[in-house]
Structures are given as structure tokens and as C-alpha cells.
Protein chains: 2
Amino acid sequence: MDKSICPRFEKAMGFLSQRWTGMIIYQLLSGPQRFCTIESSVGVSGRVLSERLKVLENEGIVKRDVYPETPVRIEYSLTDKGLALEPLMKDIEKWSQNWLDA
Amino acid sequence: MDKSICPRFEKAMGFLSQRWTGMIIYQLLSGPQRFCTIESSVGVSGRVLSERLKVLENEGIVKRDVYPETPVRIEYSLTDKGLALEPLMKDIEKWSQNWLDA
DNA sequence: GTTAGTTAGTTACTTTATGTAAGTTAGTAT
DNA sequence: ATACTAACTTACATAAAGTAACTAACTAAC
């Protein structure tokens, strides 16, 4: 192994390329959302969504807010660190529109 | 499931978020390379590298050239479609430098 | 001509990640 | 007490990835 690649880049790529992580972040770009909304709009299973949100929260990319209503409302949203991924998401959008057929 | 997300975006995200795919493309941005070079610099196993290169070739993102030397030299490189992913890779680079610690 | 060396894979098998569906917790409301 | 809801979690099955050994095709050395 050569491993001449920047470790920060590798780390970023490491979790961005976990299945569903990108879609979850993309979905949250449209605003704070609750668990079940992300689950159904992205099409990810609750088991994995729960796992991913924990990682993203630990990384400081996603924030979790609890509103003690009835029933409880828990909203997930992007932090500044998460919002900083927007240009990247836009690039994927652009690329897909330019190079993939509908 | 809502699935209001653009299907082209989903497709792009679908294979960009396969493990190793991003790293392979990033590595190929530095020029045409042979199988064993990608394998060692990226740190991906031959089994998976072989699988990914096939997908990327089918998608028209990577090109495979055979030079019948001794021993045979086979070089993988990015097509225009693949090179068009450069801005995206640069965004990941920038983000990782701004938001991750070394 | 047989043994060895090289790159580019593939195969068989193990470990890890994800999908699926049922269950749990907490807080009302009936 | 029973039922309803959101947000998870757990147990179990399937799919993807890691590992190491193996094959193919070619050449070179002995």
C-alpha cells in the first residue's frame, strides 16, 4: 500500500461513501426533518437511518432537536459543517443532469 | 416511500457512494494507471477493484486500454464523463480541509 | 522444455454491512 | 386498561466486502 492520499480526504470520502449518507444529507438540505420523513423520502430502513444519524451527529454534521410535544417531535437538521456540503451536492446534481439520461 | 428525489441524482449518488468508487476516480484524476497501482495506492482489494472498474467502464466513466508489452500493460483512465467529476472531488478536498482535523 | 517471474485478474471462503419485520419505550387519549 | 403515535432497537436473513490462494498468458533463464 502506498497511501499517498490525504488522510482528511480519505476520511471525508470514507463516510460520504457509506450507503445512504449522501442521500440523507441531500434530503436535509431542504430543511429540518423528522425521522420518519427522512426514512420515507430517502427510502432507507429505520435500522440504518438510526445508525447513520448517530455517526453524522458525532461528526457534528447533523444536529438533533427534541420537541416534547404529543407525540414527541424530533427534528434533524444540518449544522454549519453539514451545510458546507451543499456545493458538493450541487455538483453531483449538475453532473448527473449533464451526463446521465433520464 | 415518497421518492420525490430526482432519479438521475439518485443514480449518481448510488454508484458514487459505493465503497471505493470515489477513491478510484480520485486516484485516476492524477492520470492513467494500471490495476496494481490503483490497488496499492487506494488500498482496495483486487476482487472489489475488478468489480468497480467493470461498473465504471460500463457507465462510460473509465476507459481500459491494453498494451501488449511484456508483461502486458493495461491502463485505466477517465473518460470525459469521468473527468467531469473533478469539481466534485475538489469540493470534497476543500470541505475536508476546512472541516476535518488532521 | 521445465521452472520461475510478471500483471491481471478470478474463485472459494470468511467477515461485515444492510434489509426486513417484529418488538420496545414514552407519552397521551379513549 | 386499551389503543395510538413517533422514534427507535433487536433478532434474524441476505448481500456486499475482505482475504488468500489460484489461473491465464506471456517471457526469460537454466
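We name chains A, B, ... by the order of the sequence lines, and we start the count at 1 in each one.
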A:Ile38 has an atom CD1; how far is it from atom P of D:dA7, in whole Å?
->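 Rounded to the whole Å, the gap is 9 Å.
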
Atom CZ of A:Arg34 and atom C1' of D:dA7: how far apart are they, to the nearest Å?
-> 9 Å

Using whole Å, report how far CD of B:Glu57 lies from C1' of C:dG9.
-> 13 Å

Pairwise distance CH2(A:Trp20) to OG(B:Ser17) - rounded to 0.5 angstrom =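 Reported value, rounded in 0.5 Å steps: 8.5 Å.
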
Can a salt bridge be assigned to the pair A:Glu93 and A:Lys90 using a cut-off of 4.0 Å between side-chain N and carboxylate O?
-> yes

Near B:Lys63 NZ, under 6.0 Å, is it more than 12 heavy atoms from other residues, nucleotides or ligands?
->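 No, because the 6.0 Å sphere around NZ of B:Lys63 holds 12 heavy atoms or fewer from other groups.
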
Write down the distance between CG (B:Leu53) and C1' (C:dT10), rounded to a whole number of angstrom.
->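 So the two atoms are 14 Å apart, to the nearest Å.
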
Whenever both distances are under 3.5 Å in a Watson-Crick or G-U wobble pair, mark it; put DNA chain D into dot-bracket that way, with [ ] for crossing pairs and | when the partner is on another strand.
-> ||||||||||||||||||||||||||||||

So which heavy atom on A:Val72 is nearest to which on A:Tyr67, and how close?
-> CG2-O, 3.6 Å

Whether A:Ser41 side chain and A:Thr37 backbone form a donor-acceptor pair below 3.5 Å = yes

Nucleotide N/O to protein N/O under 3.5 Å, stretch nucleotides 12-19 of chain C:
| residue | atom | partner | partner atom | Å |
| --- | --- | --- | --- | --- |
| C:dT18 | OP1 | A:Arg52 | NH2 | 2.7 |
| C:dT18 | OP2 | A:Arg52 | NH1 | 3.4 |
| C:dT18 | OP2 | A:Arg52 | NH2 | 3.0 |
| C:dG19 | OP1 | A:Trp20 | NE1 | 3.1 |
| C:dG19 | OP2 | A:Trp20 | NE1 | 3.4 |
| C:dG19 | N7 | A:Arg47 | NE | 3.1 |
| C:dG19 | O6 | A:Arg47 | NE | 3.3 |

Measure the distance from CD on A:Glu75 to P on D:dA7 and round it to the nearest whole Å.
->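 The answer, rounded to whole Å, is 9 Å.
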
Identify, with sequence neighbours excluded, every residue that meets salt bridge (charged side-chain N to carboxylate O under 4.0 Å, His left out) alongside B:Arg73.
->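 Result, salt bridge (charged side-chain N to carboxylate O under 4.0 Å, His left out) vs B:Arg73: B:Glu69, B:Glu75.
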
Nearest 0.5 Å, what's the CG-CD1 distance between A:Leu85 and A:Ile25?
->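 A:Leu85 atom CG to A:Ile25 atom CD1 measures 5.0 Å (nearest 0.5 Å).
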
At under 4.0 Å between heavy atoms, what does A:Tyr76 touch on the DNA or RNA strands: base, sugar-phosphate, or nothing?
-> sugar-phosphate

Could you list the protein-to-nucleotides 26-30 of chain C atom pairs, N/O on both sides, closer than 3.5 Å?
| residue | atom | partner | partner atom | Å |
| --- | --- | --- | --- | --- |
| C:dT28 | OP1 | A:Thr70 | OG1 | 3.1 |

To the nearest Å, how far apart are B:Ile74 CD1 and C:dT6 P?
-> 17 Å

Would you please name every residue forming a side-chain hydrogen bond (donor to acceptor under 3.5 Å, both in side chains) with A:Lys94, sequence neighbours left out?
->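 A:Asp91.
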
Report the relative orientation of the aromatic rings in B:Phe15 and A:Trp95; use parallel for angles under 30°, tilted for 30 to 60°, perpendicular for over 60°.
-> perpendicular

Whole-Å distance separating the CZ atom of B:Phe35 from the C1' atom of C:dT10 =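 It is 10 Å, rounded to the nearest whole Å.
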
Does the B:Gln33 side chain pair with the main chain of B:Gln27, one donor and one acceptor, at a distance under 3.5 Å?
-> yes

For B:Gln33 and C:dT7, what is the distance between atoms CD and C1' respectively, to the nearest whole Å?
->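 Nearest whole value for this atom pair: 15 Å.
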
Could you note down all residue pairs passing salt bridge (charged side-chain N to carboxylate O under 4.0 Å, His left out) where residues 11-35 of chain A supplies at least one of them, sequence neighbours left out?
-> A:Lys11-A:Glu59

Between B:Val72 and B:Lys54, just flag the one whose closest nucleotide in DNA chain C comes earlier from the 5' side.
->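 Comparing both residues, the 5'-ward one is B:Val72.
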
